[in-house]
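Some notes on the structure that comes next.
Since the structure is predicted, the reported quantities are computational estimates derived from the model, not experimental observations.
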Amino acid sequence: MTTGQADVLWRPEDDYQVKPTLEEGDIYRPDILKVVETAIDSLSGKLRELSLDIHDHPELRYEERYAHDAYTSFLEKHGFEVTRHHLLETAWVATYTHGLGGRVLGVNSEMDALPGIGHACGHNLIGIAGVAVACAAKAAMEQLNIDGKVILLGTPAEEGGIGKVKLWERGAYKEMDACLMCHPGPGPLHSISLSSCLAVIRLEIDYSGHTAHAALSPWEGKNALDAAVLAYTNIALLRQQIKPTHRVHGIIQGHDWAQSIIPDNSKMYYYVRAPTTVEAEETLKRVIPCFEAAALATGTKVKVNRGHTGNELVQNKVLGDELSDVVRKKYGAIDYEYGISGASTDFGNISYLMPGLHPGFSIPTVPGGGNHTPAFTKSARSQAAHDACLTVSKALAHVGMRVITDGIFLQQVKDAFEERKNNRM
């Protein structure tokens with residue numbers, strides 16, 4: 001991040017009660033937005049309690065049992081039909097149908113935390129945002145007698161576990177006409193981001209060698225740790241020649257290592273990221289030889305296992321334009337720079353498969369305290385972050401209710417999705 005970018009970020013000492021400059025003009029169905037805002041504001045205290053409860057009980061991917069129970073209990077109390085352990089052990093789904101049903105709005109709530117640093121990606125906020133959107137949509141359908149359905153899907157294991165992809169494969173998204181969610185991050189005050197994110201290719205690399213006494217007869221060994229270190233160095237040098245928008249990063253592990261033994265094993269976990277899946281594939285072609293060359297130089301054997309590919313976010317243009325319209329006229333500013341533009345999400349794969357929208361929203365952060373830091377864990381439980389979360393939830397609920405109430409709009413959403421998909425082929 002450049003100095004200029006850092007200067008505009010929302011900091012904890014900033015007065016976020018200062019009103020943003022808004023655009024003038026009409027919005028779609030202000031009667032719906034009024035119900036949405038009232039519903040979310042009335043739930044603010046309960047949602048805050050839920051968010052802090054989740055924040056205080058961080059759980060890793062596919063272990064979100066406390067969060068599973070907390071969310072499902074909350075939604076049952078608020079009149080949703082809830083299915084626990086839905087298709088995956090810690091996934092769940094909450095639905096509400098009004099009248100004869102009709103168009104179907106999908107929403108996602110994430111739950112998992114990070115090893116050692118807890119909710120350093122703000123999934124406690126993502127989780128309650130999904131709940132807020134679903135509850136607001138329910139209130140609007142009830143109070144304005146609107147036929148439709150909302151499906152809130154509790155999605156585990158976003159942090160490296162591709163929970164949404166597994167749920168898609170099991171049919172969890174098949175009823176939805178469109179799906180919405182959001183994500184916190186550093187950014188300007190009162191800003192909501194429609195940036196994309198990076199595609200990611202996951203790799204697991206295994207080196208196998210031969211042990212020997214590290215002092216008595218090291219020449220008899222084939223050092224698998226040396227191979228990993230050499231591969232690490234190869235990639236470090238490769239970074240000089242890859243595009244600045246691409247990322248290659250990873251770690252080294254091993255088992256049964258000791259100072260007096262030449263290591264006969266090492267394992268590396270690496271991510272290759274780029275703005276698009278096509279670009280990530282191109283960079284991957286340059287990364288693989290770095291691992292192979294290290295094996296050749298050290299006399300070890302290497303096996304490169306390719307894991308799941310995460311696609312970049314495809315923000316549906318029609319959904320995004322509607323979000324932009326209501327945000328600029330009611331809540332703040334839209335940017336196309338911040339959000340999670342430098343990270344990755346399994347919702348990217350969902351956005352490749354169906355119409356989706358995944359805006360980022362700014363919360364106050366300290367310098368050097370962005371996502372995946374202990375400082376961000378602290379930021380994600382602040383009152384200011386909670387208030388920002390409810391603001392983006394209102395905007396998303398507005399967009400979602402247009403999906404439910406406006407058939408022409410929904411067809412435009414679907415047409416935009418198909419056009420973008422065809423352009424990738």
Side-chain angles (χ1 to χ4, degrees), residues 60-62 112 114-117 121 157-166 197-212 214 218-312 342-346 348-349 371-372:
L60 303 183
R61 61 190 184 194
Y62 295 118
D112 57 324
L114 289 157
I117 51 177
C121 213
E158 188 277 332
E159 298 290 355
I162 60 170
K164 295 181 191 65
V165 176
K166 293 183 179 181
C197 76
L198 300 182
V200 58
I201 300 172
R202 299 171 175 87
L203 302 173
E204 180 180 318
I205 305 95
D206 287 289
Y207 287 102
S208 57
H210 182 72
T211 61
W219 54 87
E220 294 179 356
K222 294 181 178 180
N223 196 318
L225 177 56
D226 280 356
V229 170
L230 185 54
Y232 192 95
T233 304
N234 290 343
I235 291 170
L237 294 172
L238 175 66
R239 288 196 188 98
Q240 298 177 71
Q241 274 72 52
I242 65 174
K243 294 180 180 179
T245 53
H246 294 210
R247 300 286 184 269
V248 186
H249 51 94
I251 60 171
I252 300 172
Q253 293 182 349
H255 62 85
D256 297 329
W257 287 353
Q259 297 93 322
S260 60
I261 304 172
I262 298 295
D264 67 349
N265 72 88
S266 64
K267 184 183 287 286
M268 306 181 79
Y269 295 94
Y270 258 80
Y271 283 178
V272 179
R273 306 194 204 226
T276 68
T277 305
V278 171
E279 289 178 86
E281 294 284 357
E282 289 302 312
T283 295
L284 177 66
K285 294 176 184 177
R286 303 177 66 188
V287 170
I288 296 297
C290 292
F291 299 119
E292 295 172 338
L296 180 64
T298 56
T300 57
K301 296 180 180 179
V302 63
K303 184 177 182 180
V304 179
N305 302 293
R306 178 169 174 166
H308 180 77
T309 297
N311 301 127
E312 72 276 13
S344 305
T345 171
D346 56 358
N349 295 69
N371 299 66
H372 291 210

Heavy-atom pair with the smallest gap, counting every atom of [X] and [Y]:
X    : Y    : answer
E159 : C121 : OE2-CB, 3.5 Å
L198 : S344 : O-OG, 2.8 Å
A227 : T298 : CB-OG1, 3.4 Å
L225 : P263 : CB-CG, 3.7 Å
I261 : A214 : N-CB, 4.0 Å

### ring-ring contact (aromatic ring centres under 6.0 Å, His included) partners of H249, counting only residues at least two apart
Y271
Could you check whether any side-chain N or O of [X] sits under 3.5 Å from a backbone N or O of [Y], counting only pairs where one atom can act as donor and the other as acceptor?
X    : Y    : value
N265 : H255 : yes
N349 : T309 : yes
Y207 : F291 : yes
R286 : Q241 : yes
Y232 : I252 : no
N223 : I262 : no
R61  : G160 : yes
D346 : V165 : no
E312 : G348 : no

### Summary
By salt bridge (charged side-chain N to carboxylate O under 4.0 Å, His left out), R239 pairs with (sequence neighbours left out) none
### Counterpart residues, salt bridge (charged side-chain N to carboxylate O under 4.0 Å, His left out), relative to E292 (two or more places apart)
none
### Query
Checking side chain to side chain contact (heavy atoms under 4.5 Å, CB included) for the pair H308/K166: CA distance, chi angles, key distance, verdict?
CA-CA 11 Å; H308 180 77; K166 293 183 179 181; over 6 Å; no
What distance do [X] atom [atom1] and [Y] atom [atom2] have between them, rounded to the nearest 0.5 Å?
X    : Y    : atom1 : atom2 : value
H246 : L238 : NE2   : CG    : 11.0 Å
D206 : S266 : CG    : OG    : 8.0 Å
I201 : N311 : CD1   : CG    : 10.0 Å
K285 : E282 : NZ    : CD    : 4.0 Å
T211 : E220 : OG1   : CD    : 9.5 Å

### Message
Set out, in order, the CA-CA distance, both residues' side-chain angles and the distance that settles side chain to side chain contact (heavy atoms under 4.5 Å, CB included) for E281 and V278, then state yes or no.
### Response
CA-CA 5 Å; E281 294 284 357; V278 171; 5.8 Å; no
### Task
Look at K267 together with E204 and state whether they make a salt bridge at an N to O cut-off of under 4.0 Å.
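Yes, K267 and E204 are salt-bridged.
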### side chain to side chain contact (heavy atoms under 4.5 Å, CB included) evaluation trace for V248 with R273
CA-CA 6 Å; V248 186; R273 306 194 204 226; over 6 Å; no
